[in-house]
Amino acid sequence: MGGGLVRIGVTVFPGSNCDRDALYGVERMGAEPVELWHAEADLKGVDAVIVPGGFSYGDYLRPGAIARFASVMGPLEEFAMEGGPVLGVCNGFQVLCEAHLLPGALLQNTHMRFVCDRVRVRVETTDTPWTAGCEVGEEITLPVAHNEGNYFADAETLARLEDEGRVVLRYAENPNGSANDIAGVCNEGRNVVGIMPHPERVSDPALGSDEGLKILRSVMAGAGV
Amino acid sequence: MTLDDDNETTMYPGHPQDAPSCDLRPESQYLMPNTSEPRTLKIRVLVRPKEGILDPQGEAVRGALPALGFGGVKTVHIGRLIEMEVESADEVDAMCRRLLSNPTIEEYEWEVVS
């Protein structure tokens, strides 16, 4: 890590509502949190970026559809293309899909209800910067809170994701109807990860659990080198 | 793009309030629309889930109709109707592809209404 404190950016769009949890989670990781305002095309030299959950731009049109064109997304896309670690959580996952940084899309939950719960997910690969500190097959319990978490991709894309080991997290019990019980995927370069569950909401025993730090802290090993 | 920029008002050259007080157009044009004003086209875009994509909204409505006594409803699909006024239709297709629809899950069609 070159001795320096790892700096982790958290994007803030109008309507983001997990940005403060994410900034707090970054502090709990022992890294330096950096707020990245949507209207500034500047990543401020951070080592990794978290795109947090919420309802960016009111989820108007489709979740993530408008946030994807915010000023901050230009440098974020470049950062992602160059291999920088990016984690999209919930609405952040939707934004990354809309931006084509991740394949597929998130449809409305099949049961038509907002799901707010804690779910068990299985870590399917540790070959991403955001799961490197976990073990394959390990189960962790994370909160979910979404209306559009039903992961969809066409059959060919799904087969590729499975073959290439790009399903990152899988639900033990599917809460939203997602294809292949997928809770999170990564891009071809494996540096961009999108997940529906919220690790930043369980980053402190005072919040009921700090299991989310397993995901968040993973990035410390690789970032900032 | 930031939504903060949306409030900017653009004054077009040739806006009525900037026009000279006497009309110098040839007589034949008096009955024609004022061509110095930007033309406005009304566009209607229909976005809907691609065939085969699960449409839970449509399914829920299909289930609700018989409950109200409406029989014989085989399928219901719910999409989105977008109406816009634009100066030119040249870029409508690009708008549909880049923002108004998500080609991974939706298909679109559009028409000039007037």
Side-chain angles (χ1 to χ4, degrees), chain A residues 11-15 37-42 56-74 94-115 147-158 174 176-179 185, chain B residues 1-8 42-68 70 73 75-86 91-111:
Chain A
T11 57
V12 184
F13 302 104
W37 186 238
H38 69 98
E40 286 174 31
D42 182 7
S56 58
Y57 297 92
D59 272 358
Y60 294 155
L61 199 60
R62 298 177 304 278
I66 298 180
R68 169 248 191 289
F69 294 104
S71 300
V72 74
M73 289 302 290
Q94 295 162 341
V95 173
L96 297 179
C97 285
E98 282 282 344
H100 308 300
L101 291 173
L102 289 172
L106 292 138
L107 301 175
Q108 192 166 29
N109 302 341
T110 45
H111 47 59
M112 292 285 289
R113 287 189 305 277
F114 191 96
V115 54
N147 191 50
E148 286 90 3
N150 171 6
Y151 185 77
F152 167 86
D154 58 50
E156 193 186 323
T157 307
L158 277 179
N174 194 331
N176 53 33
S178 70
V185 298
Chain B
M1 169 194 145
T2 71
L3 288 193
D4 303 339
D5 298 333
D6 281 359
N7 292 333
E8 248 178 56
K42 197 169 170 192
I43 306 286
R44 196 168 279 165
V45 182
L46 183 63
V47 180
R48 54 186 159 197
K50 264 189 186 169
E51 188 143 349
I53 299 269
L54 190 76
D55 174 10
Q57 278 192 89
E59 272 302 294
V61 171
R62 191 188 57 80
L65 286 169
L68 293 173
F70 297 108
V73 180
T75 62
V76 176
H77 290 295
I78 297 184
R80 177 186 286 119
L81 181 71
I82 302 169
E83 289 183 326
M84 308 189 286
E85 289 180 339
V86 297
E91 293 186 308
V92 171
D93 211 66
M95 293 178 199
C96 291
R97 274 181 279 116
R98 291 202 61 205
L99 179 61
L100 303 182
S101 78
N102 178 346
T104 307
I105 48 173
E106 294 167 327
E107 58 186 22
Y108 64 86
E109 53 191 71
W110 61 274
E111 57 175 347

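In the text below, chain A, chain B and the rest are named by the order of the sequence lines, each starting its count at 1. The figures that follow rest on heavy atoms only: side chains count, while hydrogens, waters and symmetry mates do not.
- The part of A:Asn109 that comes within reach of chain B is its backbone (N, CA, C, O), which places non-hydrogen atoms under 4.5 angstrom from that chain.
- Counting non-hydrogen atoms of neighbouring residues, nucleotides and ligands closer than 6.0 angstrom, the CD atom of B:Glu83 exceeds 12 such neighbours.
- B:Arg98 is linked by a side chain to side chain contact (heavy atoms under 4.5 Å, CB included) to A:Phe69, counting only residues two or more places apart in sequence or in another chain.
- Within 6.0 Å of the CD atom in B:Glu111, the count of heavy atoms belonging to other residues, nucleotides or ligands exceeds 12.
- In this structure, the separation between CD on B:Glu106 and CG on A:Leu107 is 9.0 Å, given to the nearest 0.5 Å.
- Closest non-hydrogen pair, B:Asn102 versus A:Glu98, comes out as ND2-OE2, 3.3 Å.
- Residues B:Thr104 and A:Thr157 fail the side-chain proximity criterion, which asks for heavy atoms closer than 4.5 Å.
- Take B:Ala60 and apply the side chain to side chain contact (heavy atoms under 4.5 Å, CB included) test, not counting sequence neighbours, and it matches A:Met112.
- Contact between A:Ala105 and B:Ile105 at its shortest, heavy atoms only, is CB-CG2, 3.7 Å.
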Q. Are B:Arg80 and A:Leu61 close enough, and set up right, to give a side-chain contact (heavy atoms from CB on, under 4.5 Å), and what steps lead you there?
A. CA-CA 9 Å; B:Arg80 177 186 286 119; A:Leu61 199 60; 4.1 Å; yes

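- In terms of heavy-atom pairs under 4.5 Å with chain A, the best-connected choice from B:Ser101, B:Gly52, B:Pro56 is B:Pro56.
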